[in-house]
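Everything on this sheet refers to the single structure shown next.
Per chain, numbering begins at 1; letters A, B, ... match sequence-line order.
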Number of protein chains: 2
Amino acid sequence: MLRLSRLTDYAVVALVRLGRSDGVATTPGIAAAIGIPEPTVAKVLKALTCAGLVLSTRGAHGGYRLSRPLAGISIAEVIVAIDGPIALTSCVDGAVGCESQSLCPMAGRWDPVNSAIRDALTNITLADMEDAAIPRAFRVAAPVPVNEEI
Amino acid sequence: MLRLSRLTDYAVVALVRLGRSDGVATTPGIAAAIGIPEPTVAKVLKALTCAGLVLSTRGAHGGYRLSRPLAGISIAEVIVAIDGPIALTSCVDGAVGCESQSLCPMAGRWDPVNSAIRDALTNITLADMEDAAIPRAFRVAAPVPVNEEI
DNA sequence: CCGATTGTGGACTAAGTTGGTCCTGATTGC
DNA sequence: GCAATCAGGACCAACTTAGTCCACAATCGG
């Protein structure tokens, strides 16, 4: 299925959410807003902090905020932050442990594929996804339309 | 990790192998050639047959052969044959069952990403991968000059 | 200075998926 | 008729993922 982890999906939602809140946002706040259990959101945000995509402030009145605008964050970065390096097979570049590495006829075979995927993902930013996410016909050049009922 | 199943990897190896054998190749033959357990190879070949990428002949002296030259088979086809449709999230186009579908702020969000990936994978053929797979310096007169040292 | 709020870090458990095996048939050629 | 080969499915084991929980550190407000 070539699927990435659900956590990455959550990360994108959380990031877009952060892009809409002006100040800092707390874990419970984000969790409630996007309908994902709080500890899971915390886990995702922790990973994003480590990757430098969001900045955290500890203590009371703390929370998270974006380190860059959404347009400056590529999907590839999010995936790497949550899922680890982008490589379709476990048998990547310098990876050791491929049991039949010597006679493995596909050594290096996937490299061009990996590169192609990486390129594709690097060229899509969170801002692009935010645009694509709104299925309604309402969308009219609003820069940050926080149109979420409920 | 955005990884695809190992079975897909096997499929590529098996297909490339089939591209080199002139006549038909049997399951045990391929299994021995590429160093993968026989039942597993059989499973992969069955899936490839269903997808129409290889043709099977039953009975004694039967076996498998490519339905098209390697250059006419894209990676995307192989992945679809083995792993199913290419979609990074379970929450695809018309997919139902996304529990929070109504308030899910990312409905349709991944579509551009999926398309980008699909395009990238469609533009790479098995022939390309075969070229990339040979680490030796023997390769001469390659039509597509993949100049990657090591 | 103390307590409430919030992020940090790790361990742990449970569930789902994948990979691999096996068995029983159906088909073809000798 | 027998051997070789593909077809199709059921089945089990192992790994990965995702979700939860707990104890701790930091900051702010009173």
Determine whether B:Leu70 and B:Val24 fall in the same hydrophobic cluster, where Ile, Leu, Val, Met, Phe, Trp and Tyr are linked whenever their side-chain heavy atoms lie under 4.5 Å apart.
no
I'd like to check the side chain to side chain donor-acceptor pair (under 3.5 Å) partners of A:Thr125; sequence neighbours left out, ordered by chain and number.
A:Asp128
Rounded distance (Å) that lies between atom [atom2] of [N] and atom [atom1] of [X]:
| X | N | atom1 | atom2 | answer |
| --- | --- | --- | --- | --- |
| A:Glu38 | C:dT6 | CD | P | 10 Å |
| A:Ile82 | D:dG19 | CD1 | P | 12 Å |
| A:Asp83 | D:dA18 | CG | C1' | 12 Å |
| A:Ile36 | D:dT17 | CD1 | C1' | 15 Å |

Taking only the side-chain nitrogens and oxygens of B:Thr27, find out if one of them lies under 4.0 Å from OP1 or OP2 of D:dC6.
yes
When you check the phosphate oxygens OP1 and OP2 of D:dG19, does a side-chain N or O of A:Arg6 lie under 4.0 Å from one of them?
yes
Can you tell me which nucleotide in [options] comes closest to the side chain of [X]?
| X | options | result |
| --- | --- | --- |
| B:Thr40 | C:dT18, C:dG7, C:dT21 | C:dT21 |
| B:Tyr10 | C:dT21, C:dG20, C:dG7 | C:dG20 |
| A:Lys46 | D:dT20, D:dA18, C:dG10 | C:dG10 |

At 4.0 Å (heavy atoms only), tell me whether A:Leu7 reaches a base, stays on the sugar-phosphate, or touches nothing.
sugar-phosphate
Distance-only donor-acceptor hits, side chain of residues 35-47 of chain B, under 3.5 Å, sequence neighbours excluded:
none

B:Ile117 side chain reached by A:Ile117 side chain, heavy atoms, under 4.5 Å
yes
Of all residues at least two apart in sequence or in a different chain, which pass the side-chain contact (heavy atoms from CB on, under 4.5 Å) check with B:Ser21?
B:Leu18, B:Ala25
Sequence neighbours excluded, the answer for side-chain contact (heavy atoms from CB on, under 4.5 Å) partners of A:Ala60 is none
Quick one, which residues of residues 47-65 of chain B touch DNA chain C with a heavy atom under 4.0 Å?
B:Arg58, B:Gly59, B:Ala60
Can you pull the side chain to side chain donor-acceptor pair (under 3.5 Å) pairs that have at least one residue in residues 57-71 of chain A, sequence neighbours excluded?
A:Arg68-A:Glu77
5′-ward residue of the pair B:Lys43/B:Ala25 relative to DNA chain D
B:Ala25
